[in-house]
Amino acid sequence: MDLYGKDLLTTQEWSKAELEIVLDLAAKMKRDRFSEKYANILKNKTFLMFFYNPSVRTRQSFECAATELGGHAQFLEPKAMRLKTATTAGETVEDAAKVMSRYAAGLGIRILEDQIGAYGEGDNLLREYAYWCDIPVISMAHDKYHPCQGLADIMGWSEWFGKGPGKGVDPEVLRGKKLLVIWGHGALARSWSSVQEALLIGSRFGMDVTLAYPEGYDLDPMVISQAKQNCVENGRTFVITHDMQEGYQGAHVVYSRHWMSPQAYQNGEFLKKQEIEKALQYPQWICDAEKMKLTDNAIFTHPMPIDRGHEVTDEVASGPRSCIYDVAENRLHVQKAIMALTMGGL
Ligand code: CP
C-alpha cells in the first residue's frame, strides 16, 4: 500500500488497513529505535511545522522524529510569516502552499482554541493547504481532529492490553473493550480535537464507546454520528450519558479530559474566560480513585498536558494503571512511521 504524499487530517479519512500499517511500523521503530535502516529515510528532507498555538509533545516529538529519520523539522510561527488566515490579511494559502511544496517534504499545522474565531475554521485552513500543497499536510492538532494523538492512543492502549509497552501492537486486543471518554472540569478551555479523534479511532478499532459529560457540553454532531456509525459497523455500542457512575461502570480505558462547550465561540471571538468560569462550576467532574473502582480495572489515559486536580487526581494520573507517558512516548513512534510512509516513500 503506497502512502507516499498522502495527507493526514484525521484517522477517519484513512482506511483501517492504512492505520494498521502505521501502527505496525511504529511498533517496529519503537523496538529498534536507532537502527541504521531507519536513519536515512528522510535524508536531506525537511518537514515544516506551523504552530499557531503552543505545544510541548507535538513540537518535540516531530523534531526528534525528523532527526531520527535523518531529516530536519523546521519550527515556524505563522505570525512571523505574513500568512493569510481567516482573521488576518497576508499571503494567500495558494501562494504559500505552492512555494513551500518546492522546498519541503511535508507540512504540519496546529491551529485551535484562541487562534480561530469559530469551530471549523482550523479544519478549513488545513484543507485549503492540503488542496494547494504538492506535499503531504499533517494535522498537528486542529480544532476538529488530532490524528497523531489518536494513533498514539491506540498504540498505547493496545500495548497495555497486549504484551506490554514496546512489545508489539495488536489493536485487535481492544475489540469489545469499553472506552469511556469523560469530560473533566478544568481551567484550560480545550478544543475538541483530541477527544473527537479518540472517539473516532476507538470506535474504528472495535471498542464499545461511552461518552459522558454534563448537559451543555455536546461535541460536533457530525463526528458523533461518524463514531456511532463506526460502532455499528463493528457490532459495538456507542452510548452518551450525563451520569458519571454509568460511564465508569465496567470501563477498560478511562479518558478524562476537559473540552469547551459549543458556546465557546461567539461572533468570531473565543470566550475563554467565560468557558473556564463555567467549567469550574462542576468540581465533581474529576476522575479519582473512587470512580476508578467502578471500572473493570481500567487504565487511565490522557493526551496531555493534564490539568491535574481538575480533570484527574494525582493519585490516578500518576498511579499504576496510568498509561500517559507510554502514550506520550508513542507520539514519537507513530509520527516517525507517518513521516517515513508519507514523506520518505518507505
Ligand atoms: N498532546 C499534545 O498534542 O500535546 P502538546 O499540546 O504539548 O503538543
Side-chain angles (χ1 to χ4, degrees), residues 8-11 22 26 47-67 73-78 106-116 122-123 125-126 137-157 159 165 179 181-184 186-202 219 253-260 270 272 275-276 287 299-308 310-312 317-318 322-339:
L8 179 58
L9 304 192
T10 168
T11 56
V22 173
F47 178 58
L48 301 175
M49 305 189 297
F50 286 11
F51 278 99
Y52 288 88
N53 301 79
S55 160
V56 169
R57 276 142 295 274
T58 305
R59 176 179 178 182
Q60 292 174 15
S61 55
F62 265 114
E63 289 198 9
C64 292
T67 303
Q74 188 177 132
F75 175 76
L76 296 158
E77 286 186 287
L107 169 64
I109 303 177
R110 163 167 292 201
I111 184 162
L112 40 83
E113 294 168 358
D114 61 340
Q115 293 300 303
I116 54 170
D123 195 58
L125 183 75
L126 263 81
V137 173
I138 309 294
S139 170
M140 301 194 301
H142 65 282
D143 50 357
K144 266 192 175 180
Y145 306 118
H146 197 351
C148 300
Q149 185 63 53
L151 282 157
D153 291 339
I154 284 290
M155 183 172 175
W157 308 341
E159 290 177 318
L179 167 64
V181 174
I182 186 162
W183 187 88
L188 289 176
R190 300 182 198 262
S191 282
W192 296 351
S193 42
S194 297
V195 288
Q196 293 193 156
E197 196 70 54
L199 295 172
L200 290 169
I201 199 164
L219 293 168
V253 178
V254 171
Y255 188 131
S256 175
R257 162 100 168 172
H258 172 70
W259 62 83
M260 63 180 72
F270 176 47
K272 184 172 180 176
E275 278 299 308
I276 292 169
C287 176
I299 58 171
F300 175 78
T301 191
H302 193 290
M304 305 180 85
I306 298 178
D307 187 0
R308 286 174 181 251
H310 285 125
E311 295 172 317
V312 60
S318 299
S322 172
C323 67
I324 56 174
Y325 301 126
D326 294 313
V327 166
E329 179 190 335
N330 289 341
R331 290 292 304 278
L332 170 71
H333 307 300
V334 297
Q335 288 158 201
K336 279 175 76 175
I338 292 163
M339 293 169 96

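First listed ligand is number 1; within each ligand, the first listed atom is number 1. No experiment lies behind these values; they were computed from the predicted model shown.
Between the D326 side chain and the G156 main chain, no donor and acceptor come within less than 3.5 Å of each other. Judged by distance alone, the side chain of E197 and the main-chain N or O of T11 form a donor-acceptor pair under 3.5 Å. Side chain of E311 to main chain of S256: no donor-acceptor pair is present (N/O by atom type, distance under 3.5 Å, no hydrogens or angles).
Using a 4.5 Å cut-off on side-chain heavy atoms (C-beta onward), C287 and V254 make contact.
Checking only distances, P305 never comes within under 3.5 Å of ligand 1, N or O to N or O. Inclusion of P54 in the set of residues having an N or O under 3.5 Å from an N or O of ligand 1 is not warranted. Residue R59 places no N or O, backbone or side chain, under 3.5 Å from any N or O of ligand 1.
Not a single heavy atom of Q60 sits less than 4.0 Å from an atom of ligand 1. Judged by the shortest distance from any of its heavy atoms, M140 lies outside the 4.0 Å radius around the atoms of ligand 1.
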Determine, stepwise, if the pair Q115 / F270 fulfils side-chain contact (heavy atoms from CB on, under 4.5 Å). CA-CA 8 Å; Q115 293 300 303; F270 176 47; over 6 Å; no
As a quick check of understanding, evaluate side-chain contact (heavy atoms from CB on, under 4.5 Å) for M140 and S55, giving each step before the final call. CA-CA 10 Å; M140 301 194 301; S55 160; over 6 Å; no
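The contact set between ligand 1 and T58, taken as ligand atoms under 4.0 Å from a residue heavy atom, comprises 2 (C), 3 (O), 5 (P), 8 (O). Close approach to R331 involves these atoms of ligand 1, each under 4.0 Å from a residue heavy atom: 1 (N), 2 (C), 3 (O). Under a 4.0 Å criterion applied to the non-hydrogen atoms of V56, ligand 1 contributes the atoms 5 (P), 7 (O), 8 (O).
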For residues 145-154, tabulate all N or O donor-acceptor pairs below 3.5 Å that involve a side-chain atom, not counting sequence neighbours.
{"from": "Q149", "atom 1": "OE1", "to": "R331", "atom 2": "NH1", "distance (Å)": "3.0"}
{"from": "Q149", "atom 1": "NE2", "to": "D153", "atom 2": "OD1", "distance (Å)": "2.9"}

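A search for side-chain contact (heavy atoms from CB on, under 4.5 Å) contacts involving Q74 returns T46, L48, H72, L76, not counting sequence neighbours.
In this structure, atom 6 (O) of ligand 1 lies nearest to the protein heavy atom R110 NH1, 2.8 Å. Looking only at protein heavy atoms, the nearest one to atom 4 (O) of ligand 1 is R57 NE, 2.9 Å.
When non-hydrogen atoms are compared, ligand 1 lies under 4.0 Å from the side chain of H146 (C-beta onward) but not from its backbone.
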